[in-house]
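Notes to accompany the following structure.
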Amino acid sequence: MSPFRFKPLLIPLSVLAIAGTAQATEWNMATPYGDASFHTQNVKQFAEDVAEATDGELRINVHSGGSLVAHGEIKPSVRRGTVEGGEIFLSILSNEDPIFEIDTLPGVAGSYDQAMALWETTRPMIEELFAAEGLMPLYAVTWPAQGLYTREEITDPEQFEGLRVRAPNINTQRFVQNLGGSPTETEESDIPTAFSTGRVDAMITSSATGNAMTAWDYLSWYTEANLWLPKNIVFINQRAFDRLDEATQDALLAAAAQAEARGWQMSRDNNAASLQALQDNGISVVAPNEAVAEALQAAGAQLFADWQARASAEALALLEASRASLEE
Ligand code: PCA
């Protein structure tokens, strides 16, 4: 009889990885915007910077265009920790607190300097609200100013009556309603289909999105209404951050600060390039005439008054602080 022998026992692969060189951390980052967006290019650069600064110790895989998680699910997923990081259009959180839509109000942030002042003053409150959910904001970057894309030139406010306008958030929908139009919320990536299936006649968005979504395929006019400069925010799961060693945490935060500065410059540059691309492809870029400007102003005043009625004393005080900081 042959002696008893143990069968070879298998060592799980995960154990082998730990036993080898120190195990690198791998994160997933979900974003809603496509690769043509400067925001996506910026967050991908951020991921590369982190990998380089940490010698590959922290690798962030960016899943763009809603390919991993749909826009509305990104924040809940990062909160649960199913994905470690995410990027969203900040104002889609407006139903959680009116502070999140402060950058989609007329007369609040109509220039890059005003938009930056607004971010600086509201950042602590926004960070606090995120922290209460176990989330840590890394950086925020503004889109270029929002304007109106149409098939026909808008010369008379009556043309807003019944106009079906695609909007990226609730406040923009309210604004369209105030103008007499009929708003629909549509994700950026669904814009071409919304037009090709005849669901919408017009859209409110930036030069950047018009360019990335080749607006000239279905629209002919861009009215530079300069409504507001709304932001995207990039954030991570706090527990995932806490698990990193200190040197990696520092490298991540340094890369985030760089991504914020780079992103704001990219936004300015992209705005100029996109306005040019729109015109090169046959879109007429115009300023609103007096009557249209008046109608926009009135719709904006109503939007602002409604927001003021909803906003907390803290949010209102921050808005005042932001305005005051520019007057200094
Ligand atoms: N582009 C995004 C958000 C704002 C913008 O300029 C969009 O239209 O969905």
Side-chain angles (χ1 to χ4, degrees), residues 30-43 64-67 69-75 86-94 100-106 108-112 114-115 118-119 139-150 164-176 181 183-195 199-219 222-234 263-264 266-275 277-278 283 285 303:
T31 83
Y33 299 101
D35 293 336
S37 169
F38 72 89
H39 286 287
T40 305
Q41 290 152 17
N42 192 34
V43 77
S64 57
S67 57
V69 185
H71 199 171
E73 276 304 306
I74 291 179
K75 181 162 161 279
E87 170 160 0
I88 59 169
F89 191 38
L90 182 59
S91 46
I92 67 164
L93 306 179
S94 59
F100 294 130
E101 58 188 355
I102 200 168
D103 62 8
T104 69
L105 294 171
V108 172
S111 71
Y112 278 94
Q114 287 171 347
L118 186 67
W119 171 227
Y139 68 86
V141 171
T142 190
W143 290 90
Q146 305 291 291
L148 177 68
Y149 290 82
T150 49
R164 295 172 307 163
V165 185
R166 173 272 167 182
N169 62 14
I170 293 173
N171 238 7
T172 310
Q173 293 192 60
R174 293 188 185 113
F175 181 74
V176 170
T184 342
E185 197 171 338
T186 313
E187 281 300 316
E188 188 200 65
S189 51
D190 296 333
I191 288 174
T193 313
F195 281 96
R199 261 198 302 129
V200 293
D201 312 307
M203 66 177 174
I204 290 181
T205 186
S206 58
S207 56
T209 288
N211 183 18
M213 294 291 117
T214 60
W216 46 85
D217 289 342
Y218 37 91
L219 293 159
Y222 182 54
T223 304
E224 283 196 283
N226 199 24
L227 298 176
W228 45 76
L229 279 79
K231 294 181 293 290
N232 275 7
I233 191 161
V234 172
W264 284 70
M266 284 174 98
S267 182
R268 287 175 191 260
D269 296 346
N270 188 287
N271 183 39
S274 289
L275 287 171
L278 292 175
I283 291 202
V285 176
L303 188 71

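Counting starts at 1 for both ligands and their atoms, following the listed order. Only a predicted model underlies this, so the values are computations on that prediction, with no experimental measurement involved.
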Tell me which protein heavy atom sits closest to atom 7 (C) of ligand 1, plus the residue, atom name and distance to 0.1 Å. Arg166 NH2, 3.4 Å
Students should be able to answer this: which protein heavy-atom is nearest to atom 8 (O) of ligand 1, and at what distance? Thr205 OG1, 2.6 Å
Measure from the side-chain N and O atoms of Gln146 to the backbone N and O of Pro144, and report whether any donor-acceptor pair falls under 3.5 Å. yes
Salt bridge between Glu101 and Arg174, side-chain N to carboxylate O under 4.0 Å? yes
Counting heavy atoms only, which of Thr209, Leu90, Ile191 is nearest atom 1 (N) of ligand 1? Thr209
Please identify which atoms of ligand 1 are closer than 4.0 Å to at least one heavy atom of Pro168. 7 (C), 8 (O), 9 (O)
Would you mind running through ligand 1 and noting each atom that sits below 4.0 Å from a heavy atom of Ser206? 5 (C), 6 (O)
Are Tyr33 and Trp143 close enough that their ring centers fall under 6.0 Å? yes
State whether the shortest distance between N or O atoms of Gln146 and N or O atoms of ligand 1 falls below 3.5 angstrom. yes
Dump the intermediate steps for side chain to side chain donor-acceptor pair (under 3.5 Å) on Thr40 and Asp35, then the final yes or no. CA-CA 6 Å; Thr40 305; Asp35 293 336; 5.2 Å; no
Quick one: closest heavy-atom pair of Ser64 and Thr31, and the distance? CA-OG1, 3.2 Å
